[in-house]
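What follows is one structure encoded as structure tokens, with my remarks underneath.
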Amino acid sequence: MCGVVGAVLKSDVNLLLYESLTVLQHRGQDAAGITTLDNGYFNLSKSNGLVHDVFQADHMLRLTGRVGIGHCRYPTAGSSSSSQAQPFYVNAPFGISLAHNGNLTNAMALKQEMFRTDMRHVNTDSDSEVLLNVFAHELHRLGKADLDQEDIFNAVSAVHRRCRGAYAVVLMINGHGMVGFRDPNGIRPLVYGKRETEQGDEYMLASESVALDFQGFELIADVAPGEAVYCDLDGNLWTKQCADKAQRSPCIFEYVYFARPDSMIDGISVYKSRLRMGEKLGQQIKKQWHDKHIDVVIPIPDTARTAAMELARELNVVYREGFIKNRYIGRTFIMPGQKERQRSVRRKLNAIDLEFDGKNVLLVDDSIVRGTTSQQIVQMARDAGANQVYFASAAPPVCFPNVYGIDMPSASELIGHQRELEQIRQAIGADALIYQTLEDLENAVCGHYGHITRFDSSCFNGDYVTGDVDEAYLKRLKDSRNDAAQERRRSQDKGYTVLAVHNNS
């Protein structure tokens with residue numbers, strides 16, 4: 001999962017990109033980068049680390065220009081070295097810089113195909129660099145020195161024909177402008193908006209609408225599945241559907257966990273969808289837990305708060321904050337490696353004993369992935385004096401790996417995979433455990449809207465919307481994603497650190 005942003009302004013773009021990446025920091029904490037375009041020159045700065053650590057004053061001063069794109073990264077199967085930080089750049093045709101959120105399921109085949117037939121070299125293991133080279137090759141095949149919007153849309157159409165998987169992309173073409181597009185299933189989010197100034201209209205693309213809100217841009221729309229948005233250097237905007245078959249199938253885990261609650265994704269409020277998750281989970285508890293007395297509902301911060309508040313209201317039970325979070329620790333779910341995740345839980349959360357002592361406590365979390373965090377939090381509640389510790393998940397059991405850009409591990413590392421409810425309850429140490437049903441979750445996200453007929457809920461049901469994920473692919477994914485493989489990559493990366501990269505060519 002990553003965050004992307006791009007803008008065409010009437011003034012310098014560097015501060016807008018920096019501030020927007022801080023707003024999208026929850027989508028990636030491993031690396032960050034910005035590329036700007038100024039009088040035919042690309043200016044690039046990127047490195048591992050949080051946004052405020054990557055960009056210092058001297059970097060910002062060199063990121064000149066009115067057009068730019070930015071990226072904050074969290075690694076999936078690839079290396080976490082600085083060589084993987086985005087945006088990426090190719091010099092032909094014209095010079096193109098790209099930032100990408102998602103994962104190509106046919107990246108390996110494409111990389112080999114491009115070397116043999118397109119005669120293009122991909123220098124990293126990143127599927128984002130593969131996608132960049134596919135787009136660049138299709139643009140180059142046109143053989144034109146001057147491009148119009150139809151040429152760019154034709155190149156995007158060719159990307160859709162060749163690439164499989166999930167991708168939300170922002171890119172810049174030297175001498176032309178900014179382009180944004182989504183895969184034909186619209187798995188990963190991308191929105192665009194406009195801001196009126198005395199000098200003329202400005203346009204912005206971002207992973208989430210909250211970044212537009214923060215910068216004073218009016219949300220125009222989500223980039224539709226398969227659609228492309230092109231804004232030239234003068235601020236003229238064009239859009240076109242570039243996929244033959246497009247279906248809106250957003251990743252439901254965006255609403256469960258990743259997106260900020262103040263964002264709108266595909267016309268749906270993330271906040272209201274989480275309220276409905278809590279409401280439906282509370283209704284299920286009332287039906288199934290007649291024999292259980294709950295004194296207090298306590299969320300596991302931060303993502304579960306919204307659902308927990310509505311759940312408590314539905315049950316007519318007191319809601320309390322029982323855990324205090326150290327906000328300077330990253331999201332445990334995306335921590336690289338099991339040992340690091342285990343250490344991070346205790347560093348991240350501390351219990352308020354008086355909210356637990358002698359009480360029957362219902363802990364509410366957004367989901368349970370590996371179970372490592374849940375087990376430790378249940379134990380923290382017991383150590384704080386809880387009488388009974390019940391556990392509720394606002395999402396169904398996570399049983400299958402996510403192949404579209406979320407680093408959910410191999411199936412064998414998922415606590416929900418091939419385990420019954422009682423086995424999971426025993427593993428996390430709770431006195432009772434309840435999950436949201438998939439039907440209730442999808443209804444909670446959809447609400448009263450009927451424009452989404454299918455979600456990508458593959459991590460819950462194993463139904464991959466792109467239709468190209470088989471056992472062989474999942475086996476390769478397991479070999480590259482499990483904790484042992486990631487530990488090997490980190491060992492290889494040790495000693496290789498790039499504090500900052502700046503490119504003025």
Side-chain angles (χ1 to χ4, degrees), residues 4 6 8 35 37 40 42 67 69 87-102 104-107 109-111 113-122 127-188 190-192 203 205 220-248 466 468:
V4 299
V8 177
T35 305
L37 179 60
F42 282 103
V67 184
I69 61 174
F88 285 116
Y89 165 80
V90 290
N91 64 355
F94 307 106
I96 304 172
S97 183
L98 172 145
H100 161 230
N101 173 31
L104 299 185
T105 53
N106 65 335
L110 275 174
K111 185 175 182 179
E113 177 185 304
M114 281 192 298
F115 186 79
R116 291 193 312 266
T117 63
D118 300 353
M119 292 177 287
R120 300 187 74 95
H121 172 64
V122 177
D127 61 325
S128 303
E129 192 185 6
V130 172
L131 198 155
L132 168 60
N133 277 272
V134 171
F135 179 84
H137 176 74
E138 297 300 333
L139 206 61
H140 190 260
R141 287 177 61 184
L142 299 174
K144 298 178 67 173
D146 294 313
L147 302 174
D148 60 26
Q149 62 270 23
E150 288 303 318
D151 297 323
I152 292 169
F153 292 147
N154 288 337
V156 174
S157 296
V159 169
H160 291 329
R161 289 192 294 270
R162 296 183 67 180
C163 295
R164 299 287 180 269
Y167 47 93
V169 173
V170 294
L171 61 85
M172 291 186 300
I173 307 171
N174 186 17
H176 293 86
M178 175 182 67
V179 184
F181 57 90
R182 279 171 96 185
D183 68 82
N185 290 290
I187 298 172
R188 292 285 153 244
L190 189 65
V191 298
Y192 64 106
Y203 290 95
L205 287 154
I220 297 175
D222 295 86
V223 177
E227 185 181 33
V229 175
Y230 170 51
C231 183
D232 68 16
L233 298 179
D234 295 323
N236 301 303
L237 185 76
W238 295 270
T239 67
K240 185 176 182 179
Q241 176 55 252
C242 297
D244 294 332
K245 295 180 180 180
Q247 173 180 286
R248 195 179 298 270
T466 53
D468 61 340

Please answer whether the main-chain N or O of Cys163 pairs with a side-chain N or O of Asn106 as donor and acceptor at a distance below 3.5 Å.
-> no
Backbone N/O of Leu104 and side chain of Asp127: donor-acceptor pair under 3.5 Å = yes
Closest heavy-atom contact between Gly95 and Tyr89?
-> CA-CE1, 4.2 Å
Calculate, to the nearest 0.5 Å, the distance between atoms CZ and CG belonging to Arg188 and Asn101 respectively.
-> 6.0 Å
Residue list, side-chain contact (heavy atoms from CB on, under 4.5 Å) with Thr466, at least two apart or on another chain | Asn185, Ile187, Tyr404, Asp468, Val469
Step by step, would you call Leu237 with Val229 a side-chain contact (heavy atoms from CB on, under 4.5 Å)?
-> CA-CA 7 Å; Leu237 185 76; Val229 175; 3.4 Å; yes
Could you grab the distance from atom OH of Tyr192 to atom OG1 of Thr239, nearest 0.5 Å is fine?
-> 5.0 Å
Side chain Asp232, main chain Asp234, donor-acceptor under 3.5 Å = yes
CG on Leu98 to CD on Glu129, rounded to 0.5 Å = 10.0 Å
Can you tell me how far CZ of Phe94 sits from NZ of Lys144, rounded to the nearest 0.5 angstrom?
-> 9.0 Å
Gly165 versus Thr105, closest heavy-atom pair with distance = N-OG1, 3.6 Å
Test item: side-chain donor near acceptor, Asn133 and Arg120, under 3.5 Å | yes
Closest approach of Ala155 and Phe135, non-hydrogen atoms and distance?
-> CB-CE1, 3.8 Å
Any chance you could measure Thr35, atom OG1, to Ile96, atom CD1, to the nearest 0.5 Å?
-> 12.5 Å
Has the side chain of Gln247 got a donor or acceptor atom that lies under 3.5 Å from a matching backbone atom of Gly186?
-> no
How far does CZ of Arg248 sit from CZ of Arg182, to the nearest 0.5 angstrom?
-> 6.0 Å
Parallel, tilted or perpendicular: which describes the rings of Tyr230 and Trp238, with under 30° parallel and over 60° perpendicular?
-> parallel
Correct closest heavy-atom pair for Tyr167 and Pro184 would be OH-CD, 3.5 Å
Does Leu233 have any side-chain contact (heavy atoms from CB on, under 4.5 Å) partners at least two apart in sequence or in another chain, and if so, which?
-> Leu37, Val67
Over all atoms of both residues, closest heavy-atom pair of Ala168 and Leu190 = CB-CB, 4.1 Å
Write down the atom of Val169, the atom of Leu171, and the distance for their closest heavy-atom approach.
-> CG1-CD2, 4.0 Å
For Asp118, check salt bridge (Lys or Arg N to Asp or Glu O under 4.0 Å) against everything at least two apart and list the hits.
-> Arg162
